[in-house]
Structures are given as C-alpha cells and as structure tokens.
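Some notes on the structure that comes next.
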There are 2 protein chains.
Amino acid sequence: MGQRDAIDAAILKAVQQNGRISNADLAERVGLSPSACSRRLDILEKSGVINGYYARVSPKALDYKMIAIVHISLSGQFAKTLNEFESAVKLCPNVLVCYLMSGEYDYILRVAAKDLEDYERIHRDWLSALPHVVKINSSFALREIIDRPNVGV
Amino acid sequence: MGQRDAIDAAILKAVQQNGRISNADLAERVGLSPSACSRRLDILEKSGVINGYYARVSPKALDYKMIAIVHISLSGQFAKTLNEFESAVKLCPNVLVCYLMSGEYDYILRVAAKDLEDYERIHRDWLSALPHVVKINSSFALREIIDRPNVGV
DNA sequence: GGACACGTGCAATGTCCTTGCAAAGCCAGT
DNA sequence: ACTGGCTTTGCAAGGACATTGCACGTGTCC
C-alpha cells in the first residue's frame, strides 16, 4: 500500500490541501489528462491510501468550544484489560483522539465539550465509567495554536 | 457565526462524513432542491463555518508511522514569551497539533515522524530550538485507538 | 521478435453545478 | 389582520465536468 511515483504523491498532496478540488484542476496541477488523473485517484481511493474526504467544520459553529486533554492510567496492561477499555472508549462520541502511549500514562485522549458543564457530564458519565481506570488527569486547552490535518499541510 | 437551522445542521453533518458528496445527493439527503442546497453550502463555506475540505490519507502511505505527544514548559508566561514560541512552532511542518494548556505543562504538541531517527532529527532541529523552552517531555503513541475528524463522526 | 500488461490521451455521453428569475414564505410595523 | 420589504425557495438553462470505451505507445518477459 502506498503511492507509486511522483504524480501520485502530487495528487495526494493536492487532495490533502483541497479535498474538493475538481478532477480537471487536479489533472492540470499534476500534469495529466483528466481521464488518467481520474483513474489514478480512483486507485488511490480503492486501495485505501485515501481513507475518505471530510469537511472541516469550525468547532465553534458546532458549539464545541472546549478541548480537554485527558491522561488515563489503567490498573494493568494485560491485553484483556486494554481491549475492554478500548472498546468502551470508542463508544464516546466526544473523544476525538485516543492513543495507547508509552510513558507515565497508558492512554491520552483529546475530548471535545461544549462548555465546562458539558465536560463535567462527559467526565462523569463516560470517562469515569470506563473499565479498569485508576487515574484520570484532565487538562484544558486555553488556545489552539496549530491544528493541521496532515504533515506539512 | 454558526448554522441557523436543522437543515444547515444536516448539511454540516453530511459533509463532515463525506466531504466529496455531490451537491445533488446532499440536496436530496437534506430535503432541498440542488440550487437551494448549493447556496446554503456556499454560505457555510464563505462564512467560515466550513473551514475547508481535505482528504484523509493513510499515514502509512506517507511513511509517517510515528506519533509523538510532546509536553513543553516555557521559562515564563509573558505574552511576548508565548508569542515568540508560538510563531516558531508554527513553522515546523511535523507539528500537527499544538495547544496552549492549563496544568503542569504550558504546551502540548502532536508530532508526526517517519521513524525514530526522523523524530530524533525533529527533536534536535526543531523542538529543542524553540525559544524559551525549559522542559520537553516526549511520549510515543504505541497504537491509535480513535482518530475522529469531528465530534460524533 | 512477439505477446502481453500497463498507463496514457482523445472523444463522446450523460450528469452535475451554477446562475437568473419569479414566486412563496417570513417578519415587523401599523 | 394587512402590507411592505427581505429572505429563501424551486425551476430552467447553459456551461462545465466526470466517466467510460477505445486506440496508441511503452516496457517487460518469455
């Protein structure tokens, strides 16, 4: 899985910057005819190199004004423990990102909330209810400096 | 700034899930004629509610296999100190996310790297070179559990 | 050298996006 | 309730666009 040449790389770069670029413009940008470009894009999509296209909506417009970074430790690192935690955390729609981490904490989460009251609800109904959790540490984002969809974009 | 009614909300939900949905399909989905739908979408884009569209590319295809979470403390919290740090960090293409935080550390960063060697280079050439930094703490993601573009999507 | 697979460009067809325009809905003030 | 003005809608047309079939060129392997 992966792009094959410089043209595929150029296509990927273009659609990362503008997911709604027309095939005609994309073809011109990468130096191909529209048909050839359309077929390459099709291959990149079907092979899974391109996972999908998304609109980026201003969180404020959706009333999600708050971002919390949550560090979580579990009671153990057995596979069963991790699996149960992960299955549960996937169900919470407010969790935007979740990584299993090296270091002091086991998981790090990025959580979106409408306001502090909303976060309190999420913390109470979702985070505290996750299985095997022994420690939760929430920090709040005061300001967003960077939010890039991809490297160098 | 924000959507006005249920139809705008439905449009936003749709384009968050599929940024390349055709206007015709979108119109049918939200129960409008294509022209009315196109005009609403146009307003949502021009008013900044929709920040843009992007393709989600498999990081593996781009050879970025590593995600690091970096906590950074500065030598002070004066506006000038923060501004200089932020201007500098914005220049590093590998920094995907950066928040000014409450709590123990001042900033939290999400950094993409191709491999450990690449991360070492980023750490040396970029992160360590950021102004006013007194403490850097890097943790590495062992596995990605969730990566949602938006709440509930 | 020949057969084959692969990628490309060209052309055509059908779909789609967009804009102008008239009508309908909506709200405020009387 | 009525009227005036503003907003939003649906329809229609024209122009742009995506997609598919087909033929040509290139490189490879036998």
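Numbered from 1 within each chain, the chains take letters A, B, ... in sequence-line order.
- Remark: P of dT19(C) and CD1 of I43(B) are 13 Å apart, rounded to the nearest angstrom.
- When the P atom of dC17(C) is taken as reference, atom CD1 of I21(A) falls 17 Å away, rounded to whole Å.
- Spacing between atom CD of E45(A) and atom C1' of dT19(D) amounts to 13 Å, rounded to whole angstrom units.
- Within 3.5 Å, a donor on the side chain of S35(A) pairs with an acceptor on the base of dC10(C), or the reverse.
- Rounding to whole angstrom units, CZ of residue R40(B) and C1' of dC17(C) are separated by 18 Å.
- For D25(B) and dA18(D), the CG to C1' distance is 14 Å, given to the nearest whole Å.
- A donor-acceptor contact closer than 3.5 angstrom links the side chains of Y99(A) and R110(B).
- Comparing dT19(D), dT8(C), dC17(C) by their closest approach to the side chain of L32(A) singles out dT8(C).
- A salt bridge between K46(B) and D42(B) is present, with a side-chain N of the basic residue lying under 4.0 Å from a carboxylate O of the acidic one.
- Look at S33(A) and you won't find any side-chain N or O under 4.0 angstrom from OP1 or OP2 of dT8(C).
- Between D42(B) atom CG and dT9(D) atom P the separation is 13 Å, expressed in whole Å.
- Considering only side-chain atoms of A36(B), the nucleotide from dT9(D), dT8(C), dC17(C) that sits closest is dT9(D).
- Separating the CD atom of E28(A) from the P atom of dA16(D) is a distance of 14 Å, rounded to the nearest angstrom.
- Per the geometry, CG belonging to D5(B) stands 17 Å off P belonging to dG25(C), to the nearest Å.
- When only modelled atom types and interatomic distance are considered, E86(A) and Y107(A) share a side-chain donor-acceptor pair under 3.5 Å.
- One finds no salt bridge joining D115(B) and K65(B) here, because no Lys/Arg side-chain nitrogen approaches an Asp/Glu carboxylate oxygen to under 4.0 Å.
- With the nearest nucleotide of DNA chain D identified for both R39(A) and S22(A), S22(A) has the one nearer the 5' end.
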